[in-house]
Structure formats: C-alpha cells, structure tokens
Amino acid sequence: MNKRILCFLFFLSVASVDIAFAQQRTAPPVRQNPNQQRSGQEVDPDGEEDGIGRKSLLDDSTRMVYGPKTSLYFFEKDIKRNNLILYAQDTALNNFHNYSPVEKSNWKYQDLGNIGSATKPMFYEIPTIIGTRSGFSVYDLYFHAPEDNKYFDTKSPFTEMSAFFGGGQRNMLDLAFARNINPRWNVGFNFHTIRARKTLNPVARDDNMVVQNSYSLHTNYRSENGKYWILANFSRMLHKVNEIGGIIPPQEDSTSVYFTYEDAKVWLSNTQASDLRQEYRIYHEYSVRDELQIYHIFDQKNNDFTLSAAMNSSDSLFYPSARLNALMDSTQLDTTRNYSDFKEWGNEVGFKGSFKGFYYNAHAKFRAGRMKSTFYPEGEKNNFNEVYVGGELIGKISEKWSLSADGEYLIPGAFRLHGLFISPWLEVDYTKAVYKPTAMQQMYYGNYYQWDNDFDNIGVDQVRGVVKLDFNKIKLRPSLTINRVNNYVYFNHKREAEQASDEAFMLIPGLKANVRIGQKFQWDTEVIFTQISGESSDNFRIPKFYGNTKFYFDSPMFNENIYVQLGLDIRYHSDYYAEAYFPGTQQFYLQNNFNVYAYPVADVFLDFRINRTRVLLKYNHLNSGLMKEEGYFVTPDYTGYKSFIDLGITWYLFD
C-alpha cells in the first residue's frame, strides 16, 4: 500500500510544475503519386527552399539536417492502390504507455495475463482470408506479417531502438534499421524479442513463460525511369510458451488460493507450446502508363505448431486420461507431442490504374497449401488448391468524399463483397462474406482430441456506421455495428470443433469521445455495448459492456524542452462467461462455470519526450487492494496483473 501511495505522490509532484500545457503532434503524412518518377532529391519538409525550388537539408552552419521527416516509411497496400503515403517517424506521446500488443489494442484482446501469452479478439472479426487458414491463431498478435511491415524512403541511415522493462521481469526489445543504397534503393531489418517471466508460480528468476525471437529483412527498389518497383520482405518468428494451465481451482485443491500470484498453485510445469513462422513476400509492378500498371504478388508461408507435454509428471492430472496416439507411437503414453505443419504458396496477378479520380484493380489469385500432422491416418490429406478472381474500384470525389467497392470470389462457394462510403460527417461500410472453416477445425489428430469434419462455409453480413461530430474542443464518434453470422464454427464445452446450425445477430452501438478541457487536460473515452440474439448467440462470448477512459495532462514543460502526458487510464468490462483456454489444442473453448466478473482496472502513467526520445512510466493496477474483490481475471483461472511498475524508452538515430 505504501509503495502505491509513494508512486502516486511522485506522479502528482511532476504535475505540480506550473507550465503551459500543449502537445506536439506527429507531422501529417506526405502523399505522392507512385506512378510519377521521383526526383531522387533529399527533402526535408521543414527546410527552406533554395533557388531552384528544392528544399535544403542544410542548416545555417551547412551541416546536413536529418530527422523524423527525412526517414519516411510507407506500406505495400498504398502502393497497390496508387496512393503512396510517406509517413514521418512517430514522436507523439498519445497512448505510448500502452506498449505491449494487447495494451495497444486498448485491451480488446483476451489473453492469459502476460505478454506473449495466447490471445483472441474480444469482439467478433471477419477473417481477412476467405480461403483455408491454419486455425492456430492465438499468437498471431505477436507476429509481424510481411504484408503489414514498413518500407523506407530514407535520406540517411535510420535506427529505431525501443526497450520495455515491465514489472515482474516482463521485457520486450524492438530494433529497426534502414538505409538508402541510393536514392531509389532502400534496405533494412527489424528485430524483436520478448522475455516474460511467469506471473503465476515462477520457480526461478529466469523462469520465463514466454521467450520470443523474431526478425524481418526488407528492401524496396525503383527503376531510374520510375516504371518498375519491387518490394521484398522475409519475416521469421519463433515463439515459445511454457504453459501453466491456469491456477488450480480451490474446489479441486483446498490449498490452492487465487490472487497469490508468485505463490499460486498452477496445473502445468512441463508443457511447452511453440509457434515457428517463416514467410516470404514479393510485390512488384510495372507501369505501362499512369492509367495502367501490371503487378504480381508472391508469398510463401510455413507455420509449425508444436505442443510438448511430459505425461509422466504431475502435468498428466490436467489433461484427459486418453492417449489417442499411443497405439501408433508408444512414446505418446509418457510424452505428448502434437505437431502441425501448415504451408501455403500464393500468386496474385493483376492490372490496375488511376483515371480521372478513379482507381481500378482486377486480379486473379492462386493459393495452394496443406496441413500436415504426425498422426494423420494413412492416406488422409488436408490439402487445398484455391483459385480467386477479384477487383476493386475507388472513386475519390475530393479529399473528404470517396466511395469504394471491392470483392473477391473463391471458386467455388466462398466470396467477400465490401463497400465503403466516406464523407466529412459519416462513414458507412457493408461486408457480405462466405468463408471457409480453418484446416484445424476440419481435421485434427492430437493425443487428447481427434476429429475429421466436413463443415459448411461460414456466412456473415456486417453493416458499420460512424457519425463524425467535431466541435471546438470536442470530437464525438457515435457508431453502430450490426452482424449476422450463420454456420459459425467454434470449440464447444468438450473442447471439440463444432458448427452451429443457426444464426446469431449482434447489435453493437458504441461511442468514442475526445474532449479538450481548457489548455491543459484531455479526456479520451470509448464505450461499446453488445447485444447478441438468435439461436446461436451462446456460441459468442462477448461482454455486454466494454469501456476505456483516459484523463490526463498534456504538457510542454521547461521552455518546451520536455513534452509530458500524465494521467489515469481506466478499463472495464461487464461480467461474462469468457472462453477458457486449453493448451493441448492451443484453442479457446466455451465454458459456463467460471464468471470473469466485472472489475475496473486503473493505471497511472507518465509519458514524456525529450527531443526525439520518448519514455514511459506506468504503475499498473493502482486500485489493487481497494476493491471488494482481491483482484481480477482475464480468462478462467488466469488472473490479471497485480500492482507493479513498467518502464519503457524509444529513441531514434538519423545518421
């Protein structure tokens, strides 16, 4: 209790400095037409123009001036849509204290109470791929997929270094480097690590729950005449998790007690999950003219998912008594090794162009792949060959008005249609899709569960609307989402894949509000209400109410040499029977016995920036010990964070 009071007094002492408050925002992105040849000149958006109209990278002392606006980055999706946006490096403080992936989502993922643990979206999401997927997705949030990675347009060597030191030895390290070989060719790499000690029952200082090493290599090159452009990327992640199985319920063991954290009694100590991913991706295009470009995308993915458990230890008490693979391999009596290898190859070829404010795209795509497992029955295969045709049309009436439509058809039987309308005061989009169940849902042969299904495709209709209301110091974004889902595939109370025969309807109104209070304070809030009906409603476990609010100072201090945000971040959701997690299949499944009860969690944070270096300091779970309950749960038998301090830092080097 004294530690919490001292920490709170420290934050208040920083706030007592009587300086005018404001916040420097990241500069808006620079937009260019990718079908126009680049000049190859070094450009600083803040520089002064010289006699021939170019902005100079020289200051008054003739030194080269490099910074966030001379190390720009862009994304493949914008190149494909002929809408190149060059983004400056982010130096804003907003939400910087939420560093881990789950925190960055504003806690809209359910996890197991630690960085790098298994996750699932709290709200229903339509898959981006309507064809076959692996089905092993609980670690997707921690993988940096090639199609989402940054490509750079740098004028000098650029380095970004970020380190996060979480309480309880939950640590992350992120490094990025890029440089230009010449004005048209850039190369770089990214490196990421997670070392997260067990928050429940660690037996040593370095008894980690999660160990991750991942990296990516990337390059982009443009021909001298500007007609040919190629982007290439390779990403690899090895994500290892020492599973704990959750806290042993007190009704199972009278000596087990919730909310003892390091002293908790857990189910597992000899079970490890591993997720190895390697992905290659190449995008290249040739511009015949501004109205016509031909492009090709190649990607290759290899995902290995492994679960190893020692059945000759106390871990066997957690798992079902059956050892279904022991007849084929006698070692499976003492050691479980569930292995699944998912590979796919994809080629997309198309043509696109821009004409009088309209963008068009037409393409064909071929995907081939297979799921392989050690104990598939002889002659059984889980292969797929998929052919797609699709296209997109975007009409940009002005900077604030646009209308777009895109679609894709998987021959036969699956498709996705999507439309989007954007105006200064309203955004509306509609999606209708029919998508395939995952390979794992269709066929699985593990040591504890096995099935061979022939599920139908899943259907969904989704309508979303956002009203944009901007006043002097208030921004409101009321929204409404309506989902209709049929033939949904889920994991039932028996932990087995099952398909619903009926429909579920979701009515989801929400509100985002940003309020500036005077010159010194900011209040940001998001609330979402979810009402689910229909015969299949019980297959979706979503809290009826979700809320996230943040009240903070927003301040330059010491003659604007330091920029500060200091405040309180509170999150909350209502009671719900959240899905439980079973490490043996690496899936979340339905349960009706454990109520993840409503509980507000308050964090106090200090984010500040000195020049280009950002620092975070956060005290987690400030209200611990002040509530009726001793703590909170994030998943059945997995407790959330106790009170501890996080520290993080990010800084840039531009030469």
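Just the heavy atoms: all of them, side chains too, but no hydrogens, waters or symmetry mates, feed the values below. The chain is numbered in sequence order, starting from 1.
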**Student:** To the nearest 0.5 Å, tell me how far Gln300 CD sits from Trp345 CH2.
**Tutor:**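 It is 6.5 Å, given to the nearest 0.5 Å.
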
**Student:** May I ask you to decide whether Lys80 forms a salt bridge with Glu147, counting only side-chain N to carboxylate O separations under 4.0 Å?
**Tutor:**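 The answer is no: the pair does not qualify as a salt bridge.
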
**Student:** If you count the non-hydrogen atoms of other residues, nucleotides and ligands that lie under 6.0 Å from NZ in Lys227, is the total more than 12?
**Tutor:**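 Atom NZ in Lys227 is crowded, with more than 12 foreign heavy atoms closer than 6.0 Å.
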
**Student:** Is any side-chain heavy atom of Tyr448 less than 4.5 Å from a side-chain heavy atom of Asn338?
**Tutor:**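 Sidechains of Asn338 and Tyr448: in contact.
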
**Student:** Are Tyr215 and Phe191 an aromatic pair by the rule of ring centers under 6.0 Å?
**Tutor:**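 Here the rings of Phe191 and Tyr215 have centres that are no less than 6.0 Å from each other.
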
**Student:** Take Arg416 and Asp406 through the salt bridge (charged side-chain N to carboxylate O under 4.0 Å, His left out) test and state the conclusion after the steps.
**Tutor:** CA-CA 8 Å; Arg416 178 183 51 80; Asp406 62 271; 2.6 Å; yes

**Student:** Would you call Lys494 and Glu496 a salt bridge, taking side-chain N to carboxylate O under 4.0 Å as the test?
**Tutor:**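 A salt bridge is absent here (no side-chain N lies under 4.0 Å from a carboxylate O).
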
**Student:** Assess the side chains of Glu503 and Asn486: does a donor N or O sit below 3.5 Å from an acceptor N or O?
**Tutor:**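 Glu503 vs Asn486: no donor-acceptor pair found between side chains.
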
**Student:** Just by distance, no angles: are the side chains of Ser105 and Glu103 close enough, under 3.5 Å, to form a donor-acceptor pair?
**Tutor:**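 Looking only at side-chain atoms, Glu103 and Ser105 do not form any donor-acceptor pair under 3.5 Å.
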
**Student:** Heavy atoms, side chains only, cut-off 4.5 Å: are Gln212 and Met237 in contact?
**Tutor:**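 When only atoms from C-beta onward are counted, Met237 and Gln212 do touch, with a gap below 4.5 Å.
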
**Student:** Please determine if Glu526 and Lys108 form a salt bridge, counting it only when a charged side-chain N lies under 4.0 Å from a carboxylate O.
**Tutor:**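 Here Glu526 pairs with Lys108 in a salt bridge, since their nearest N and O are under 4.0 Å apart.
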
**Student:** To the nearest 0.5 Å, what is the distance between CG on Leu410 and CG on Asn457?
**Tutor:**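 Leu410 CG to Asn457 CG: 8.0 Å, rounded to 0.5 Å.
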
**Student:** Looking only at atom types and distance, does a side-chain atom of Asn303 sit under 3.5 Å from a main-chain N or O of Leu276, one as donor and one as acceptor?
**Tutor:**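 It does not hold such a pair.
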
**Student:** Between Glu427 and Arg464, is the closest basic N to carboxylate O distance under 4.0 Å?
**Tutor:**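 Salt bridge between Arg464 and Glu427, a charged N being under 4.0 Å from a carboxylate O: no.
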
**Student:** Between Glu498 and Tyr490, is any side-chain donor less than 3.5 angstrom from a side-chain acceptor?
**Tutor:**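 The criterion, which ignores hydrogens and geometry beyond distance, is satisfied for Tyr490 and Glu498.
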
**Student:** When the ring centroid of Phe74 is compared with that of Tyr87, is the distance short of 6.0 Å?
**Tutor:**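 Ring centres of Tyr87 and Phe74 not closer than 6.0 Å.
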
**Student:** Give a yes or no on whether the backbone of Leu72 and the side-chain of Gln89 come within a donor-acceptor separation of less than 3.5 Å.
**Tutor:**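 Not confirmed, Gln89 side chain does not pair with Leu72 backbone.
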
**Student:** Can we say Arg281 and Glu76 salt-bridge, meaning some charged N sits less than 4.0 Å from an Asp/Glu carboxylate O?
**Tutor:**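 Yes, Arg281 and Glu76 are salt-bridged.
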
**Student:** Which residue, Phe177, Phe152, Tyr73, Phe189, forms the ring pair (Phe, Tyr, Trp, His ring centres under 6.0 Å) with Phe158?
**Tutor:**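 Running ring pair (Phe, Tyr, Trp, His ring centres under 6.0 Å) over Phe177, Phe152, Tyr73, Phe189 with Phe158 returns exactly one hit, Phe152.
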
**Student:** Of the options Arg367, Arg370, Arg133, which is the one that meets Glu386 in a salt bridge (charged side-chain N to carboxylate O under 4.0 Å, His left out)?
**Tutor:**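 Of Arg367, Arg370, Arg133, salt bridge (charged side-chain N to carboxylate O under 4.0 Å, His left out) with Glu386 is met by Arg367 alone.
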
**Student:** For Trp185 and Tyr221, take the angle between the two ring planes, folded into 0 to 90°, and tell me which bin it lands in: parallel under 30, tilted 30 to 60, perpendicular over 60.
**Tutor:**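 Aromatic pair Trp185/Tyr221 classed perpendicular.
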
**Student:** I need the Glu285 CD to Ile79 CD1 distance, nearest 0.5 Å.
**Tutor:**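 Between Glu285 CD and Ile79 CD1, I get 6.5 Å after rounding to 0.5 Å.
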
**Student:** Let me see the working for Tyr280 and Phe298 under ring pair (Phe, Tyr, Trp, His ring centres under 6.0 Å), right down to the final yes or no.
**Tutor:** CA-CA 8 Å; Tyr280 305 82; Phe298 167 79; 7.9 Å; no

**Student:** Is the number of heavy atoms from other residues, nucleotides or ligands under 6.0 Å of Asp454 CG greater than 12?
**Tutor:**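 Atom CG in Asp454 is not crowded, with 12 or fewer foreign heavy atoms closer than 6.0 Å.
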
**Student:** Within the side chain of Gln332, is there an N or O that forms a donor-acceptor pair under 3.5 Å with the backbone of Met328?
**Tutor:**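 No, the answer is negative, given that no donor and acceptor are paired below the 3.5 Å cut-off.
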
**Student:** Just how far is it from atom OG1 of Thr431 to atom CG of Asp461, taken to the nearest 0.5 Å?
**Tutor:**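 Reported value, rounded in 0.5 Å steps: 9.0 Å.
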
**Student:** Could you label the plane-to-plane angle of the Tyr139 and Tyr142 rings as parallel, tilted or perpendicular, counting under 30° as parallel and over 60° as perpendicular?
**Tutor:**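 Aromatic pair Tyr139/Tyr142 classed tilted.
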
**Student:** Is it true that the side chains of Asp140 and Ser137 contain a donor and an acceptor less than 3.5 Å apart?
**Tutor:**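 Result is no, nothing qualifies.
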
**Student:** Above 12 or not: heavy atoms from other molecules or residues under 6.0 Å from CZ of Phe505?
**Tutor:**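 Atom CZ in Phe505 is packed in, count exceeds 12.
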
**Student:** Would you call Met443 and Asn453 a side-chain contact if the rule is heavy atoms closer than 4.5 Å?
**Tutor:**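 No - every pair of side-chain heavy atoms lies 4.5 Å or more apart.
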
**Student:** Which class fits the ring pair Tyr283 and Tyr295: parallel under 30°, tilted 30 to 60°, perpendicular over 60°?
**Tutor:**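 Ring orientation of Tyr283 relative to Tyr295: parallel.
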
**Student:** Between Asn325 and Gln450, does a side-chain hydrogen bond (donor to acceptor under 3.5 Å, both in side chains) hold up when you go through it step by step?
**Tutor:** CA-CA 9 Å; Asn325 291 327; Gln450 297 181 355; 2.8 Å; yes

**Student:** Please check if any side-chain donor atom of Asn220 sits under 3.5 Å from a side-chain acceptor atom of His218, or the reverse.
**Tutor:**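 There is no such pair (donor and acceptor under 3.5 Å, judged by atom type) between the side chains of Asn220 and His218.
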
**Student:** Please tell me whether Asn82 and Lys352 have a donor and an acceptor in their side chains that are separated by less than 3.5 angstrom.
**Tutor:**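 Short answer, yes.
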
**Student:** Can you tell whether the side chains of Glu408 and Lys365 come within less than 4.0 Å, N to carboxylate O?
**Tutor:**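 Here Glu408 pairs with Lys365 in a salt bridge, since their nearest N and O are under 4.0 Å apart.
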
**Student:** Any chance you could measure Ser117, atom OG, to Ile194, atom CD1, to the nearest 0.5 Å?
**Tutor:**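 Answer for the OG-CD1 pair, Ser117 versus Ile194, is 9.5 Å.
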
**Student:** So do Ile482 and Ile508 actually touch side chain to side chain, heavy atoms under 4.5 Å?
**Tutor:**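 Of all side-chain heavy-atom pairs linking Ile482 with Ile508, none is under 4.5 Å.
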
**Student:** I want to check something: taking the side chain as every heavy atom from C-beta on, are Leu231 and His284 in contact at a cut-off of under 4.5 Å?
**Tutor:**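 They are not in side-chain contact.
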
**Student:** Knowing that exactly one of Tyr444, Phe582, Phe491 qualifies, which makes a ring pair (Phe, Tyr, Trp, His ring centres under 6.0 Å) with Tyr449?
**Tutor:**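 When Tyr444, Phe582, Phe491 are each tested with Tyr449, the ring pair (Phe, Tyr, Trp, His ring centres under 6.0 Å) holds only for Phe582.
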
**Student:** List the steps and the verdict of side-chain hydrogen bond (donor to acceptor under 3.5 Å, both in side chains) for Asp111 and Thr119.
**Tutor:** CA-CA 4 Å; Asp111 68 356; Thr119 65; over 6 Å; no

**Student:** Between Trp229 and Leu84, does a side chain to side chain contact (heavy atoms under 4.5 Å, CB included) hold up when you go through it step by step?
**Tutor:** CA-CA 12 Å; Trp229 204 337; Leu84 173 62; 4.0 Å; yes

**Student:** Taking atom types as modelled, is there a side-chain donor on Asn186 or Thr154 under 3.5 Å from an acceptor on the other?
**Tutor:**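 Their side chains do contain a donor-acceptor pair, which is all the 3.5 Å distance test asks for.
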
**Student:** Could you tell me how the ring of His192 sits relative to the ring of His144: parallel (under 30°), tilted (30 to 60°) or perpendicular (over 60°)?
**Tutor:**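 Parallel.
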
**Student:** Counting distance only, does the side-chain N/O of Ser223 pair as donor-acceptor with the main-chain N or O of Tyr228 below 3.5 Å?
**Tutor:**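 At least one qualifying donor-acceptor pair exists.
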
**Student:** Any non-hydrogen side-chain atom of Tyr581 less than 4.5 Å from a side-chain atom of Gln587?
**Tutor:**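 Counting from C-beta outward, Tyr581 and Gln587 never come under 4.5 Å.
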
**Student:** Does atom CD (Glu535) have a neighbourhood of more than 12 heavy atoms from anything else shown, all under 6.0 Å?
**Tutor:**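 It does not: Glu535 CD has 12 such atoms or fewer within range.
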
**Student:** Considering the options Met371, Lys301, Met440, Lys343, which one meets the side chain to side chain contact (heavy atoms under 4.5 Å, CB included) requirement together with Ser134?
**Tutor:**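 Between Ser134 and the candidates, side chain to side chain contact (heavy atoms under 4.5 Å, CB included) is satisfied uniquely by Met371.
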
**Student:** Are Asp153 and Arg222 close enough for a salt bridge, meaning some N to O gap below 4.0 Å?
**Tutor:**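 Looking at Asp153 and Arg222, the cut-off is not met.
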
**Student:** Okay, side chain of Trp451, backbone of Gln441: is any donor-acceptor separation there less than 3.5 Å?
**Tutor:**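 It does hold such a pair.
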
**Student:** Is it true that the side chains of Thr635 and Gln110 contain a donor and an acceptor less than 3.5 Å apart?
**Tutor:**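 Looking only at side-chain atoms, Gln110 and Thr635 do form a donor-acceptor pair, the distance falling under 3.5 Å.
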
**Student:** Are a donor atom and an acceptor atom from the side chains of Asn149 and Ser235 found within less than 3.5 Å of each other?
**Tutor:**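 Side chains of Asn149 and Ser235: pair found under 3.5 Å.
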
**Student:** Verify side-chain hydrogen bond (donor to acceptor under 3.5 Å, both in side chains) between Asn382 and Tyr376, making sure each step is shown before the conclusion.
**Tutor:** CA-CA 9 Å; Asn382 199 353; Tyr376 276 174; 3.2 Å; yes

**Student:** Atom NZ of Lys372 and atom CG of Asp304: how far apart are they, to the nearest 0.5 Å?
**Tutor:**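 Atom-to-atom, Lys372:NZ and Asp304:CG are 10.0 Å apart.
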
**Student:** Evaluate Phe136 against Phe305 for ring pair (Phe, Tyr, Trp, His ring centres under 6.0 Å), listing each step before the verdict.
**Tutor:** CA-CA 7 Å; Phe136 292 95; Phe305 311 98; 4.6 Å; yes

